[in-house]
Structures are given as structure tokens and as C-alpha cells.
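All figures in this text were calculated on a predicted structure; none of them were measured in a lab.
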Amino acid sequence: MAPSFDDGNSLFNFVVRDGNGVKGMVDSGLSTVPQAYMQPPIERIDKDRARKHVQPPIDLSKLGGPEHDEVAKQIVRAAESLGFFQVVNHGVPVDLLESLKDTAHDFFSLPAEKKAVYRDDVSPTPLVKYGTSFVPQKEKALEWKDYISMQYTNDAEALQHWPEEIRDVSLEYLRTSMNMVRKLLQVLLENLGVKPEDSMIDVLVDKKMVNMNYYPTCPNPDLTVGVGRHSDMGTLTILLQDGIGGLYVKIEDDSEFGKKGEWVEIPPVPSALVINVGDMLQVLSNGKYKSAEHRVRTTSTKSRVSIPIFTMPNATTKIAPLPEVVEKDGNTLYKEFVLADYMKNFFNNAHDGKKSLDFAKINSA
């Protein structure tokens, strides 16, 4: 029997500690949003005030051809301004993308005990974590999301440890995406005046993680968020979103994409993948590329899934603005740090926009 969700402790134990997640709470017959999930008005997403980002997706099949330079400019322009763009003809089979979405829905429809074995404190492997919200112990209001996170070390360990229900399709998604990621980084690094060797790109994407996110239907989406305001920590993120939509990005500076501080929705495009710049790429580029602040809205009509791949350097890597960029700029905006220290700061705090980047900034005072 489900507990009273009016009691914060009972709700926390049921949703977080026992591993029932938001899905379990909704399946119990929830008709109103519990207090623990009500966001303060300033954090709520007003979809009627946010316009859709109408920039067409970038055709990656043209890289290496006669239109290479124009496509490279589109990639750079998006990375420098919005920090988000969509791509088509990316090399990931369309039927695989559809299979991923179906598999995610199937996984989160499993009984709670099948998923809860991967909770952080009991998971049989450090490579797999099942959870809900982001840092529920530290959040003033919880996020309306459940997720499964799978770290990649090598194929053998993935096949051994990732949940068998989602293992094969997730691994194929990762395998078929990495060539695209390398091409994008080649373009972005060359624009900074760097001639990237394969070994350099290997360092920037050494650590990889596939997540499946599940946003159950919500009785009142206006009161909640699926994911709060944040930027991604790593190098580049690849995101498959379904056809429901709900991804919003904040414009950091006035540009062709809109006015500073405005939120725009990244609408789903069939067969497209969403690419966004992470904090590490912003640091490496000395602020040229923007790790976009973004958030996710919930929906009352149908459960939503999204499947991101996060790429980043190894935790022991030292990160700092690239020397070629600093020489050209004449100054550096970020200090050198070890990624593990940045990660500790990132994962020990609730989502709060791009505040995580303050860790790396050089104090100008």
C-alpha cells in the first residue's frame, strides 16, 4: 500500500529510498502534485511564454564534401551562441532510435523491485545507478524524473553489468554515435586554432555514460519540473528526445537566436539528435563555446523519455583553457583543475543554473 504523499518523510522513503520512483507514486493513483514536488514560482516553466527554436537541423552528411565549410560554420555558430543544435544524417540508424525509445518505456514499466536493485547504495556494480530526481537529499523541491545511468568502460564490462533489458540497444547507440561526436569535436577544435590529433579527442571523450530518463505523466505540469535549470558537466552531450517535447534552453547572450535571458524550446525533429556543449568544452574554449543552461517540463498527457550520452575526460584529467586560445585571447577566464574535483562539486549540489562553473572561474576581484 502506498504511503500518504502529504508526509514528506513517507514520500521520500517510498520514492527515493525504496526505489519506487516517481513512476511508482503516479501508478498508485496520484491525482495532485505532492508538496515535495512543487517548485517555487520562479522555477516553474511557462510554456506559453517560451517560443520554439526554429533553426533547422544541421545535415552532418555534408561534412567532408563541397559544403563542409558552411556546415562547419553552422556548428560553430550554434556552439558559440545557444550551445544547443540538432543534427540529422548523423550515422545513427533511425530504427535504432525508435527501438531506444520503446526500450526505455519498457524498462521503466518493469516492477519497481527490478529497477531498485540498481539503487546507488545497493547496486551490484558501480557502473549502473537507478535513481530519481538529481540530488534528492539536497533539493528544496524534487524533480519529476526517474533515470537509469550506465557508465561505459569497455564492451565486455557493459555486456556483463548493464541491465540486460536495455544493454544491447544502449551499447549500439553509444557505438554508432561516437563517430559523429569525433567529427563535431574536430570541427569545434579546428575553429579554435587547434589541430586536434585523434589522441586529443580520445582524452576529451574518454569517459562515456548512457542514461535513460523517464518523465511520468504529471497531474499539474505547471507546478513541477522534470529537470531543473542546469548545464551539463562534460564535453558534448548527445540527446535523443521523443516526440512529446519539453526541453527548454536559456539564451546566454543576445544573438540571432533571441535575447539574453529568454527561454526557447528545442522542438522534437523526427530522426534528429540534439547536441549540446558541456562545461568542459566551455572551459577549454576559454568561454568561446557556451554550455547552455537548460531544463525540462513535465506533461499531463503522456509519459516522456529521453536518452542522453554524456562524454567527458577521465576524472584524473587536468582541465584548463587551451593554450592556443589563451594566446589569442590574451587572458584566461578559468583556472586549471582536476576533473574529479569539479565532479565532486557538481554532484554534491542541487541543480542551480550554471553555478557549477563558478568552481572553475578565476576570481576577477
Legend entry - Common cluster, Val338/Leu357, ILVMFWY with side-chain heavy-atom separation under 4.5 Å: no

Legend entry - Donor-acceptor contact present, side-chain Asp146 to main-chain Val22, <3.5 Å: yes

Legend entry - Closest approach of Thr217 to Trp144 (non-hydrogen atoms, all atoms of both residues): O-NE1, 3.4 Å

Legend entry - Residue pairs fulfilling salt bridge (Lys or Arg N to Asp or Glu O under 4.0 Å) with at least one residue in residues 69-93, sequence neighbours excluded: Arg77-Glu256

Inset, instruction - Taking the six-membered ring of Phe359 (Phe, Tyr or Trp), confirm whether the NZ or CZ of Lys335 is under 6.0 Å from its centre and within 45° of its axis. - result: yes

Inset, instruction - Can you label the angle between the Tyr130 ring and the Phe107 ring as parallel, tilted or perpendicular, going by 30° and 60°? - result: perpendicular

Inset, instruction - Would you give the length of the straight line joining atom OG of Ser291 to atom CG of Leu236, rounded to the nearest 0.5 angstrom? - result: 11.0 Å

Inset, instruction - Please collect all salt bridge (Lys or Arg N to Asp or Glu O under 4.0 Å) contacts where either partner lies in residues 261-270, sequence neighbours excluded, each pair once. - result: Arg51-Glu262, Lys52-Glu265

Donor-acceptor pairs under 3.5 Å, side chain of residues 149-160 to any protein atom, not counting sequence neighbours: which ones?
from, atom 1, to, atom 2, distance (Å)
Ser149, OG, Asn211, OD1, 2.8
Gln151, OE1, Lys207, NZ, 2.7
Tyr152, OH, Asp155, N, 3.2
Tyr152, OH, Asp155, OD1, 2.6
Thr153, OG1, Glu157, OE1, 2.6
Asn154, OD1, Ala156, N, 3.2
Asn154, OD1, Glu157, N, 2.7
Asp155, OD2, Arg175, NE, 3.3
Asp155, OD2, Arg175, NH2, 3.0

Inset, instruction - Without swapping roles, check the side chain of Asp329 against the backbone of Asn331 for a donor-acceptor pair under 3.5 Å. - result: no

Inset, instruction - Enumerate the residue pairs fulfilling salt bridge (Lys or Arg N to Asp or Glu O under 4.0 Å) with a member in residues 311-328, sequence neighbours excluded, ordered by first and then second residue. - result: none

Legend entry - Pair Ser356-Asp279, side-chain donor/acceptor within less than 3.5 Å: yes

Legend entry - Between Asp168 and Tyr173, a side-chain donor and acceptor under 3.5 Å: no

Legend entry - Partner residues of Phe310 under the ring pair (Phe, Tyr, Trp, His ring centres under 6.0 Å) criterion, sequence neighbours left out: none

Inset, instruction - Enter the distance from Thr132:OG1 to Asn20:CG here, rounded to the nearest 0.5 Å. - result: 10.0 Å

Inset, instruction - Look up atom CG in Leu192 and atom CG in Leu284, then write down how far apart they are to the nearest 0.5 Å. - result: 9.0 Å

Inset, instruction - Output the rest of the hydrophobic cluster of Val225: all Ile, Leu, Val, Met, Phe, Trp and Tyr residues reachable through side-chain heavy-atom contacts under 4.5 Å, sorted by chain and number. - result: Ile45, Tyr248, Trp263

